[in-house]
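See structure below.
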Amino acid sequence: MSDVEALKAEKAKLIEEMIDLQKKFVDFEHEHGISGKDYYYSQDGLLKDYRQVYAEKAMRVVELSHQIVGSQP
């Protein structure tokens, strides 16, 4: 596997994980409802680290995209 193929595989895996997180979030929201306070300040369950984990994955996808095409962010 070439370096670019490895980067693309990592990117695809992260995107799958992000989609899974989004599905879990939407399911949770439909079942329980989510207030702004819950979204930003929850200390347990799915919402505890959701925003940070999702943001980290999204930033890594951006970094990988730049590496794949050889550009600088």
Nearest-0.5 Å distance, CE of residue M59 to CG of residue L14: 12.5 Å
For residues 32-50, dump all side-chain donor-acceptor pairs below 3.5 Å to protein atoms at least two apart in sequence or in another chain.
| unit_1 | atom_1 | unit_2 | atom_2 | d |
| --- | --- | --- | --- | --- |
| S35 | OG | K37 | N | 3.4 |
| S35 | OG | D38 | N | 3.0 |
| S35 | OG | D38 | OD2 | 3.3 |
| S42 | OG | D44 | O | 3.1 |
| Q43 | NE2 | Y41 | O | 3.1 |

For K13, the option from E16, E17, E10 that meets side-chain hydrogen bond (donor to acceptor under 3.5 Å, both in side chains): E17
side-chain hydrogen bond (donor to acceptor under 3.5 Å, both in side chains) partners of Y54, counting only residues at least two apart: Q22
D3 side, atom CG; E5 side, atom CD - distance, nearest 0.5 Å: 9.5 Å
Shortest non-hydrogen separation from I68 to K11 and the atoms involved: CD1-CD, 4.0 Å
Partners passing salt bridge (Lys or Arg N to Asp or Glu O under 4.0 Å) against K24 (at least two apart in sequence or in another chain): D20
Neighbour count above 12 (heavy atom, 6.0 Å) for K8 NZ: no
Pair E63-R60, side chain to side chain contact (heavy atoms under 4.5 Å, CB included): steps then yes or no: CA-CA 5 Å; E63 291 170 5; R60 181 64 182 146; 3.2 Å; yes
